[in-house]
Number of protein chains: 2
Amino acid sequence: MAPVNRTSPATPGANLTALRDHNTALVLGLLRDAGPEGASRAELAARTGLTPQAVSKITARLRAAGLAAEAGRRASTGGKPPTVLRLVPDAAHAVGVHLDRDALTVTLVDLSGAETATRTSPLDLGAGAETVLDAVTAEVAQVRAAAGSALLGAGVALPGPLDHRTGVLHRVTGFPQWDGFPLRDALAGRLGLPVVVDKDTNAAALGLVLRRCVGPAGSFAYLHLGTGLGAGLVLGGAVHRGARTGAGEFGHQVLLLDGPPCPCGNRGCIEVLCLDAVARGDIAEAARLLGTGAANLVRLLDVDLVLLGGGTLLRDAAAYAGGVRDVLGDTGGGVPVAVTPAGDRTVVEGAAELVLASLFGRESRGGLTHPFPGTSRP
Amino acid sequence: MAPVNRTSPATPGANLTALRDHNTALVLGLLRDAGPEGASRAELAARTGLTPQAVSKITARLRAAGLAAEAGRRASTGGKPPTVLRLVPDAAHAVGVHLDRDALTVTLVDLSGAETATRTSPLDLGAGAETVLDAVTAEVAQVRAAAGSALLGAGVALPGPLDHRTGVLHRVTGFPQWDGFPLRDALAGRLGLPVVVDKDTNAAALGLVLRRCVGPAGSFAYLHLGTGLGAGLVLGGAVHRGARTGAGEFGHQVLLLDGPPCPCGNRGCIEVLCLDAVARGDIAEAARLLGTGAANLVRLLDVDLVLLGGGTLLRDAAAYAGGVRDVLGDTGGGVPVAVTPAGDRTVVEGAAELVLASLFGRESRGGLTHPFPGTSRP
DNA sequence: TCCACTTTGGCAACGCTGTTGCGAAACTGC
DNA sequence: GCAGTTTCGCAACAGCGTTGCCAAAGTGGA
């Protein structure tokens, strides 16, 4: 029987290793959330519910692995002044790759999620696997040079549909030639790095989780209006992908029964209606449609927040946000609406976080932790 | 610092107690799933990923607490024949209460979920808190007599909106006088039992989870067409309630932009369209509308299954199932559609499961386990 | 009939987890 | 200067699942 049951059964039993990794990731996540201000051991104990002694042990391991460091003291509140612990961002890096229909963006981020180097170049996603992989490999090589420490892997975000678990693409909208291509394994072989593949909207949503746009158990919807319309869903603090990474097909929600036909085969999809409005230059109507879809989503899932992004939307961000807010204010119970704070880098940042998320215990629900080397069992 | 951190922080650290309770609940859940056929220790070990020795210890605790028992042997497969372990259903019971607009149903179930006694009586949900609570108390008293063992608590299901965590009702549709009523605490005081309150659709969905309509980490949507239209969502094996128990407002998904007005204030809600079709006797159209909404939901959430229920729907179950299946077959990627196997008892059975779920580790995600007395730490 | 083999499952020792008990360090406030 | 508070580590501890080992009880071949 395997000592660590990470890949085994549907509902896994937990052993001491899993317990330890869970708590380690939790503390590491809190340290990242604390940012440059850091956090004291006592604070970490209060937030995790663990005893101070347990936190001391865990942070000692993290310090030994080089992931955390003491950083001075804070003012006393009547007793011994707390020692500040901080994440060491340079301890490791991750690469994010955003494959869009006409552009390739590659970034290098450190453990805190800060971008160290970012490169964007034009790309024809339909140019064939070899060409695209060559371009990705070249760009990643450029960016890699900036990493002074361990490179944990590369996260790749692209339009779906695809299978996140296996890293195999399906019939990527507009580029049927990718159907069945094992992108994860192909790229992992080229780069010599672990690779994670996900839909662009899911990656974006994950990146926004790690930017703490909502609390640790909160939920939100990220709506992405670019050349298409999609959504990334975060429910209970974790990205909801569904069984086949199919969740988030927001663009083909039918909003107008028996409405105009959509290339997907349905009629009255929100994407067709919305893109039509955009093409007519009627941003107010596009925003109203987006808001109506968002209100449906809010009512169905009771999310805490709606975040907006995507190239088309960001060109008139204020107008869209206002329009969506108007609809949601009437019927959505006052759920807040905001534009992604990461702008047009939302997706590529999220792609890099695909690699980092497991270190901080922000994997999909129930998903166990992938511990950092040196923090796991001897 | 509390030794057991069950109620504390947003993202809880796990200690040995939590670990033990988690694994205990997991094994107990597998025993329940195994039903009268039972399961051997070796099977449980394989399914949980725990070592056989750990399973032996856990099942020994469960047997000592009276929750499990040995039940003969199975045929050998080439070695020592396995000893069958079975859940002891009579070890404890739970009460389920379904408060509908015009009827009250109360049931008593054992640990396996089997109904021991069920009573239905007419009720006017608008008759005032005292009258309704009197009726519930009287019916529960009748049913309690059939419980020969420990009664764990009562689960109450009723139309929303309400707050599951606090057990406080909001503006229950059609009965505004309930707004702000602390149903859980009021009823707990009357019955002298722990009480859990939830929306009828969520309770139904939970009950269907425990009936193993999907796998342990699967997801489905339960669509309930009665006097209104709502949904219960199960994502990743757990009921998704949202931050304010507001999730599942399927009835007020806008399906026809600028369509006919709905009492909720919107236009073109699926509930209005669907109930209109029902009133006209046009079941095919009602089913097509339901199917369109279901297809939206399937696309958004990538669920594995759509289950149908509710009084109105069950009167023409085959017609609705067929109509929904037709729409989903075209555009839903072939997601299976079925009618709830529990029929008109779906909700009341689920209400009882609200109490039992925590024993089997089927709480909301991340939610820790509420161990059975005697299985927890000495 | 015997023996090798497989499978199930328990006993005892073990390693590792977080916890508890206790004390040192370092600051505030009287 | 002393009491009180807060932070945090060392050492001993209880309890978790794991490992090593063995007994029990069947199958199947010689």
Side-chain angles (χ1 to χ4, degrees), chain A residues 1-6 8 12-27 38-46 48-61 63-64 68 70 72-85 369 371 375-378, chain B residues 1-6 8 12-27 38-46 48-61 63-64 68 70 72-85 369 371 375-378:
Chain A
M1 198 61 47
V4 178
N5 39 36
R6 196 167 290 123
S8 335
N15 54 20
L16 290 177
T17 306
L19 178 78
R20 200 262 281 275
D21 290 346
H22 170 85
N23 286 341
T24 305
L26 195 61
V27 170
S40 73
R41 291 171 177 82
E43 270 177 55
L44 296 172
T48 56
L50 298 171
T51 58
Q53 201 43 239
V55 172
S56 275
K57 285 189 182 180
I58 293 167
T59 54
R61 285 200 302 265
R63 288 198 298 150
E70 296 196 342
R73 302 197 159 173
R74 208 168 278 166
S76 164
T77 60
K80 176 178 173 180
T83 311
V84 175
L85 292 168
T369 303
T375 64
S376 197
R377 234 161 172 170
Chain B
M1 198 61 48
V4 178
N5 40 37
R6 195 164 293 122
S8 333
N15 53 23
L16 291 176
T17 307
L19 178 76
R20 199 262 282 274
D21 291 345
H22 169 85
N23 286 341
T24 306
L26 195 62
V27 170
S40 73
R41 291 171 178 81
E43 271 177 55
L44 295 173
T48 56
L50 297 171
T51 59
Q53 200 44 236
V55 171
S56 276
K57 286 189 181 180
I58 292 167
T59 54
R61 285 201 301 265
R63 288 198 297 150
E70 297 196 342
R73 301 195 158 175
R74 207 167 278 166
S76 164
T77 59
K80 177 178 175 179
T83 312
V84 175
L85 291 169
T369 305
T375 63
S376 197
R377 232 161 174 170

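Proteins come first, then strands; the chains are lettered A, B, ... in the order of their sequence lines, and each starts at number 1.
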Rounded off to whole Å, could you give me the [atom1]-to-[atom2] distance for the [X] and [N] pair?
{"X": "L44(B)", "N": "dG17(D)", "atom1": "CG", "atom2": "P", "result": "14 Å"}
{"X": "R20(A)", "N": "dT17(C)", "atom1": "CZ", "atom2": "P", "result": "4 Å"}
{"X": "D21(B)", "N": "dG15(D)", "atom1": "CG", "atom2": "C1'", "result": "13 Å"}
{"X": "H22(A)", "N": "dG18(C)", "atom1": "NE2", "atom2": "P", "result": "10 Å"}
{"X": "N15(A)", "N": "dT18(D)", "atom1": "CG", "atom2": "C1'", "result": "9 Å"}
{"X": "L50(A)", "N": "dT20(C)", "atom1": "CG", "atom2": "C1'", "result": "15 Å"}

Closest heavy-atom pair and its distance - A75(B), P81(B): C-CB, 4.5 Å

Any side-chain donor paired with an acceptor under 3.5 Å for R74(A) and S40(A)? no

Given dA25(D), dT18(D), dC27(C), identify the nucleotide with an atom nearest to the side chain of R73(B). dA25(D)

With a 4.5 Å cut-off on side-chain heavy atoms, are E70(A) and V84(A) touching? no

Quick check: do E43(A) and L85(A) have side-chain heavy atoms less than 4.5 Å from each other? no

Side-chain N or O of N23(B) versus OP1/OP2 of dG17(D): is the shortest distance under 4.0 Å? yes

dA25(D) OP1/OP2 closer than 4.0 Å to side-chain N/O of S76(B): no

Holding to side chain to side chain donor-acceptor pair (under 3.5 Å), I want the full list of residues that pass it with Q53(B), two or more places apart in sequence or in another chain. none

For R73(B), give me all partners under side chain to side chain donor-acceptor pair (under 3.5 Å), at least two apart in sequence or on another chain. none

Using a cut-off of 4.0 Å between protein heavy atoms and nucleotide atoms, how would you tag nucleotides 3-12 of chain D 5' to 3' with B, S and -? -BBBBSBBB-

